[in-house]
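Any value given below was found using the heavy atoms of this structure, including those in side chains, with hydrogens, waters and symmetry copies removed. Below, read A as the first sequence line, B as the second, and so on, with proteins coming before strands; counting in each chain starts at 1.
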There are 2 protein chains.
Amino acid sequence: MSAVPAGRKRGARAEVPITKDAIVETAFRIIEERGLEAFSMRSLATELGVFPATLYWHVGDRSCLLGLVEHRWIEEVVLPDECTDWRDWMLQLGRRYRAHALAHPNVARLATIERARNVDSLVIPDAIVGKLIEIGLDRDLVHAYNAIMGAVRGFVLLELSPRSEPDAESDVESDLRNLDEERFPNITAQFDRLGDHALSMRWSNGVDRPLNDSFDFLMSLLIDGLAARLPVTRP
Amino acid sequence: MSAVPAGRKRGARAEVPITKDAIVETAFRIIEERGLEAFSMRSLATELGVFPATLYWHVGDRSCLLGLVEHRWIEEVVLPDECTDWRDWMLQLGRRYRAHALAHPNVARLATIERARNVDSLVIPDAIVGKLIEIGLDRDLVHAYNAIMGAVRGFVLLELSPRSEPDAESDVESDLRNLDEERFPNITAQFDRLGDHALSMRWSNGVDRPLNDSFDFLMSLLIDGLAARLPVTRP
DNA sequence: ACCTGAACACCGTTCAAGT
DNA sequence: ACCTGAACACCGTTCAAGT
């Protein structure tokens with residue numbers, strides 16, 4: 001929108017006051033609308049109509065800023081109602097996390113890949129740990145938590161990581177359609193079901209072709225597995 | 001090692017012949033030894049003692065080169081023996097994949113995050129699809145494949161993604177040790193078990209503190225779940 | 001306190017020109 | 001066919017200087 005800072009006087013205030021929140025908000029928008037590779041400290045500064053150095057005064061360096069963007073994203077996920085069955089609670093939380101990731105895929109990818117820098121983003125982990133203890137998991141608490149967290153966040157990340165750049169979709173599609181039947185007998189035999197629907201075999205991206213049923217299948221594997229490992233409680 | 005190309009004659013051949021394999025090999029080594037952020041087309045060229053443009057002639061651009069590096073990594077994973085029980089086969093494959101990732105964490109992270117560009121890297125997917133069909137999965141073939149693939153690769157990726165930079169480990173540790181008991185009652189109550197052992201609550205990285213038991217726990221959740229969803233076969 | 005303007009040390013990529 | 005040397009259009013970050 002706005003161009004490079006037009007001849008403002010040295011040290012003069014920006015016409016629109018620059019705040020930390022405005023910077024994070026704009027960074028979020030750039031990443032979501034134009035992709036992470038379109039985001040830079042300089043492009044952000046240009047968008048805000050200030051010099052790059054201004055950003056450093058407000059939010060620190062690039063890494064800090066991305067941490068703030070991640071945090072703004074993850075804190076919008078709302079926990080399910082406490083008083084439902086734990087299986088339902090777990091499924092709902094997984095679905096809400098994933099829905100929020102599909103709504104903001106670029107920031108979601110960023111938040112999963114980069115280490116989260118904000119301690120605040122531990123509200124979901126804390127809730128999961130609490131729920132696992134509540135249902136009686138004790139000895140395998142850490143493993144159950146890691147399994148759920150790793151599987152769910154990992155699945156969503158891979159779902160959102162397309163095989164191809166947007167401009168090369170058709171290339172990938174034809175590569176996959178013409179796989180060698182000798183080398184990949186199983187994939188080629190099942191290609192009508194797998195093509196564009198299975199991880200590593202898609203040409204569309206995760207937002208255009210969401211893997212809803214596969215995600216629910218994974219959630220049911222995890223939840224059933226946990227249920228089977230619960231201590232037997234006589235009602 | 002070698003410095004910038006010393007006054008070689010314009011157009012003269014490099015003293016060590018530059019091949020595609022040598023470029024990929026060196027790129028692999030730089031990423032593994034010094035991290036992905038230390039890798040650049042220019043640093044690689046310097047290491048090889050040539051000008052950056054030379055690389056473009058041999059391997060195309062940066063994105064293509066990283067694709068080749070990924071491929072060199074994934075093709076080293078060897079499939080388990082065909083004639084074992086399918087549960088064992090699946091567990092072994094997961095463990096081998098993970099072991100190989102822990103052995104080359106930086107390239108493994110790269111390969112999981114970026115889309116794989118090489119069709120050749122579908123040998124593992126093809127083997128999994130074949131195994132799933134062999135044991136009788138049909139209706140949920142795609143979902144079972146996606147669940148396993150997403151959960152396993154995702155878990156390993158998150159395990160390898162540390163919360164902190166190597167130089168800020170102690171900061172993260174003290175942040176986590178001093179969590180607010182009001183906001184995070186469950187984590188603080190279980191901190192002796194969770195601290196440095198649960199995803200998002202670690203300060204050491206995934207190689208120094210591997211989550212072996214958690215991974216096996218996840219594998220057993222997945223495998224038991226698949227077994228329960230198999231069509232009943234009378235022996 | 002807040003922002004400019006310039007500088008520093010990097011990038012990826014392209015291309016004419018050489019052998 | 002293979003490589004140089006230079007150029008182009010970018011980066012993130014720092015810092016003295018201004019108001």
Side-chain angles (χ1 to χ4, degrees), chain A residues 2-24 26-27 30-31 34-70 110 114 117 165 167-168, chain B residues 2-24 26-27 30-31 34-70 110 114 117 165 167-168:
Chain A
S2 47
V4 222
R8 198 182 309 138
K9 284 262 185 63
R10 232 180 190 278
R13 305 301 249 272
E15 47 267 10
V16 176
I18 302 296
T19 66
K20 194 170 179 171
D21 282 352
I23 293 173
V24 174
T26 306
I30 292 177
I31 294 172
R34 311 208 290 263
L36 180 57
E37 68 285 351
F39 167 82
S40 72
M41 297 300 275
R42 296 182 106 106
S43 68
L44 173 57
T46 302
E47 182 95 13
L48 287 167
V50 297
F51 279 77
T54 306
L55 305 176
Y56 288 80
W57 197 92
H58 286 282
V59 295
D61 64 10
R62 180 190 158 95
S63 170
C64 292
L65 173 52
L66 292 182
L68 293 171
V69 172
E70 295 170 22
L110 173 69
E114 306 281 323
R117 269 154 290 251
E165 308 280 334
D167 53 337
Chain B
S2 47
V4 222
R8 198 181 310 136
K9 284 263 184 66
R10 233 180 190 278
R13 306 301 251 273
E15 48 266 12
V16 176
I18 302 297
T19 67
K20 194 168 179 172
D21 282 351
I23 293 173
V24 173
T26 306
I30 292 178
I31 294 172
R34 311 208 292 263
L36 179 58
E37 69 285 350
F39 167 81
S40 71
M41 296 302 274
R42 296 182 106 105
S43 67
L44 173 58
T46 302
E47 181 95 11
L48 287 167
V50 296
F51 279 77
T54 305
L55 304 176
Y56 289 80
W57 196 91
H58 286 282
V59 295
D61 63 11
R62 178 189 160 96
S63 172
C64 293
L65 173 52
L66 292 181
L68 294 172
V69 172
E70 295 169 22
L110 173 68
E114 307 280 321
R117 268 154 289 251
E165 308 281 335
D167 53 337

Once side chain to side chain contact (heavy atoms under 4.5 Å, CB included) is applied, do any residues pair with Thr19(A), and if so which ones, sequence neighbours excluded? Asp21(A), Ala22(A)
Ranking dC3(D), dA1(C), dT13(C) by distance to the side chain of Trp57(A), first place goes to dA1(C)
Using OP1 and OP2 only, check whether a side-chain N or O of His58(B) sits under 4.0 Å from dC3(D). yes
For atom CE of Met41(B) and atom P of dA7(D), their distance in whole Å: 21 Å
Is any side-chain nitrogen or oxygen of Thr54(B) closer than 4.0 Å to OP1 or OP2 of dC2(D)? no
Pairwise side-chain contact, Leu66(B) with Ile31(B), heavy-atom cut-off 4.5 Å (strictly under): yes
Option passing side-chain contact (heavy atoms from CB on, under 4.5 Å) with Val69(B) (candidates Ile30(B), Thr26(B), Val59(B), Val24(B)): Val24(B)
Does Leu55(A) reach the side chain of Leu48(A), with side-chain heavy atoms less than 4.5 Å apart? yes
Between Met41(B) and Gly60(B), which heavy-atom pair has the shortest distance, and what is it? CE-O, 4.2 Å
Anything under 3.5 Å between a protein N or O and an N or O of nucleotides 8-10 of chain D, put it in a table, one pair a line.
none

What pair of heavy atoms forms the shortest contact from Pro52(B) to Arg42(B), and how long is it? CG-CG, 4.2 Å
To the nearest 0.5 angstrom, please state how far the SG atom of Cys64(B) sits from the NE2 atom of His58(B). 14.5 Å
When you measure from the side chain of Tyr56(B), which nucleotide among dC11(C), dT4(D), dG12(C) comes out closest? dG12(C)
In whole angstrom, give the distance that lies between atom CD1 of Ile23(A) and atom C1' of dC3(C). 12 Å
Flag, side chain of Ser43(A) to backbone of Phe39(A), donor-acceptor distance under 3.5 Å: no
I need the CD1-P distance between Ile18(A) and dA1(C), as an integer number of Å. 18 Å
Give the rounded distance in Å between these two atoms: CZ of Phe51(A) and C1' of dA16(D). 15 Å
Kindly point out which of dT13(D), dC2(D), dT14(C) is positioned nearest to the side chain of Arg62(A)? dT13(D)
Represent DNA chain C in dot-bracket notation, 5' to 3'. Only Watson-Crick or G-U wobble pairs with both distances under 3.5 Å count; pseudoknot-style crossings use [ ] and interstrand partners use |. ||.|||||...|||||.||
When rounded to whole Å, the CG to C1' distance for the pair Leu48(B) and dC2(D) reads 15 Å
Report the nucleotide, chosen from dC2(D), dT4(C), dT14(C), that has the shortest atom-to-atom distance to any side-chain atom of Ala53(A). dT4(C)
Write down the atom of Glu37(A), the atom of Arg34(A), and the distance for their closest heavy-atom approach. OE2-O, 3.7 Å
